[in-house]
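Here the structure is laid out as structure tokens; the discussion comes afterwards.
Note on naming: letters A, B, ... go to the chains in the order of the sequence lines (proteins, then strands), and numbering restarts at 1 for each one.
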Number of protein chains: 2
Amino acid sequence: MPGTRKLPTREELRIWRDFLETGEALRNVLAARLQADTGLSPGDYAVLLALSEAEGNQVRSSELAALVGWERSRLSHHLGRMERRGLITREECATDSRGAVVVQAPAGAEAFQAATVPHLRAIRELFVDALTPAQITAAGEIAAALRQRLRD
Amino acid sequence: MPGTRKLPTREELRIWRDFLETGEALRNVLAARLQADTGLSPGDYAVLLALSEAEGNQVRSSELAALVGWERSRLSHHLGRMERRGLITREECATDSRGAVVVQAPAGAEAFQAATVPHLRAIRELFVDALTPAQITAAGEIAAALRQRLRD
DNA sequence: CTCCAGTAATTGACGTGTCAACTATGAAGC
DNA sequence: GCTTCATAGTTGACACGTCAATTACTGGAG
């Protein structure tokens with residue numbers, strides 16, 4: 001028949017928008033709390049987390065980009081901002097003169113230490129504790145299904 | 001006991017990150033398709049959608065901000081960019097000299113028309129069709145639960 | 001050794017988003 | 001009328017992100 005449905009129904013669209021907007025609101029609240037508690041942005045947190053887990057709290061720039069899942073350009077811009085604020089430093093790489101090694105500065109380590117517990121608590125409060133165990137499982141399965149579809 | 005868990009488990013944290021990153025990836029793909037198909041950003045689409053649904057395809061600026069759920073400042077910046085590209089125009093308001101009326105320009109109407117079906121198809125393909133009906137329902141309930149928790 | 005394709009990282013231009021400050025008008029109370 | 005406060009909207013400064021171009025070095029083919 002003409003007009004065979006390839007488009008979402010009104011209800012499906014409502015759920016999509018709800019899903020989208022709720023995710024955005026949640027990210028915004030978590031970001032605001034992190035900022036208020038420690039002055040870090042989610043990007044700062046991701047970088048400092050990766051550095052904290054690394055040997056000697058330092059990583060080659062490209063590797064860091066892979067760890068946080070960013071393009072190198074994005075990382076470079078972000079590191080510039082973090083360096084200005086004294087959260088990290090960039091040093092030359094001994095084994096490859098093109099390369100840069102990103103090092104956690106003392107202020108960065110300190111800020112990360114201060115951030116981690118409140119941030120995890122906030123995730124627990126606003127995500128984990130907001131859902132039933134079944135919903136948490138379902139959220140994981142939904143994410144997996146969506147990610148699977150994106151790989152096409 | 002000391003250390004009674006207030007923090008998410010490893011598994012809960014994994015699901016949270018998956019949920020977060022998958023949402024981001026999905027938004028990025030939808031935005032890229034919209035851009036490729038019609039040159040519109042998601043913001044452009046939201047504005048043009050609201051205008052399309054309005055009487056005479058025009059809305060007072062503040063009302064538009066409420067419709068799309070943005071701060072007025074954000075809307076103002078975005079309208080400036082859209083105006084430069086000929087998607088909308090801004091005109092004086094007859095009943096309030098402070099006010100501005102945002103009007104859909106011909107190019108805006110055309111771009112929105114061209115965008116809507118492909119965009120809805122993409123939502124169906126990447127969201128609706130990627131999930132089972134039960135998962136769609138669950139996604140709606142998860143969004144509702146998270147939103148409820150945010151209202152505190 | 002020399003050339004050159006590939007890699008590491010940065011840069012500049014620009015779109016996007018927030019916050020705080022500002023302009024200008026409306027509206028209420030006196 | 002006039003002061004005062006609220007409202008409409010814009011602006012500037014800056015954080016964040018993408019893309020394309022650029023710089024500088026590496027490493028292999030000849």
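Toward the 5′ end of DNA chain C lies the nearest nucleotide of A:Cys93, the other residue of the pair B:Thr95 and A:Cys93 mapping further downstream. Residue B:Ser73 is the one, among A:His77 and B:Ser73, whose nearest nucleotide of DNA chain D lies closer to the 5' end (criterion: closest heavy atom). If A:Ser97 and B:Arg72 are placed on DNA chain D by their nearest nucleotide, the residue sitting closer to the 5' end is B:Arg72.
A:Arg85 comes within contact range of no nucleotide atom at all, as no heavy-atom separation falls under 4.0 Å. Using a 4.0 Å heavy-atom criterion, one finds that A:Ser41 contacts the sugar-phosphate atoms exclusively.
Atom CG of A:Asn28 is separated from atom P of C:dT16 by 17 Å (rounded to the nearest Å). Atom CD of B:Glu71 is separated from atom C1' of D:dG9 by 13 Å (rounded to the nearest Å). Atom pair B:Arg81:CZ and D:dT18:P shows a separation of 16 Å (rounding to whole Å applied). The interatomic distance linking B:Arg98 (CZ) with C:dT23 (C1') rounds to 12 Å, in whole Å. Separating the CG atom of A:Asp96 from the C1' atom of D:dA24 is a distance of 10 Å, rounded to the nearest angstrom. Rounded to whole angstrom, the span from the NE2 atom of B:His78 across to the P atom of C:dG17 amounts to 7 Å. Nucleotide C:dC14 holds its P atom 17 Å from the CG atom of B:Asp44, rounded to whole Å. In this structure, A:Leu75 places its CG atom 11 Å from P of D:dG17, rounding to the nearest Å.
Taking 4.0 Å as the cut-off between side-chain N and carboxylate O, B:Asp44 and B:Arg85 count as a salt-bridged pair. One finds a salt bridge joining A:Arg33 and A:Glu125 here, because a Lys/Arg side-chain nitrogen approaches an Asp/Glu carboxylate oxygen to under 4.0 Å.
Counting only N and O atoms by type, the side chains of B:Asp37 and B:His119 include no donor and acceptor under 3.5 Å apart.
Judged by distance alone, with hydrogens and angles left aside, B:Arg74 brings no side-chain donor or acceptor close enough to the base of C:dT18 to form a pair under 3.5 Å.
Regarding contacts with the backbone of C:dT7, every side-chain N or O of A:Ser62 stays at 4.0 angstrom or more from both OP1 and OP2. Regarding contacts with the backbone of D:dA8, every side-chain N or O of B:Arg60 stays at 4.0 angstrom or more from both OP1 and OP2.
You'll find that the side chain of A:Ser61 is closest to C:dA9, out of D:dA8, C:dA9, C:dA8.
A tilted orientation is assigned to the rings of B:Tyr45 and B:Phe112, their planes being inclined by 30° to 60°.
Between A:Leu87 and A:Arg81 the shortest side-chain heavy-atom distance does not fall below 4.5 Å.
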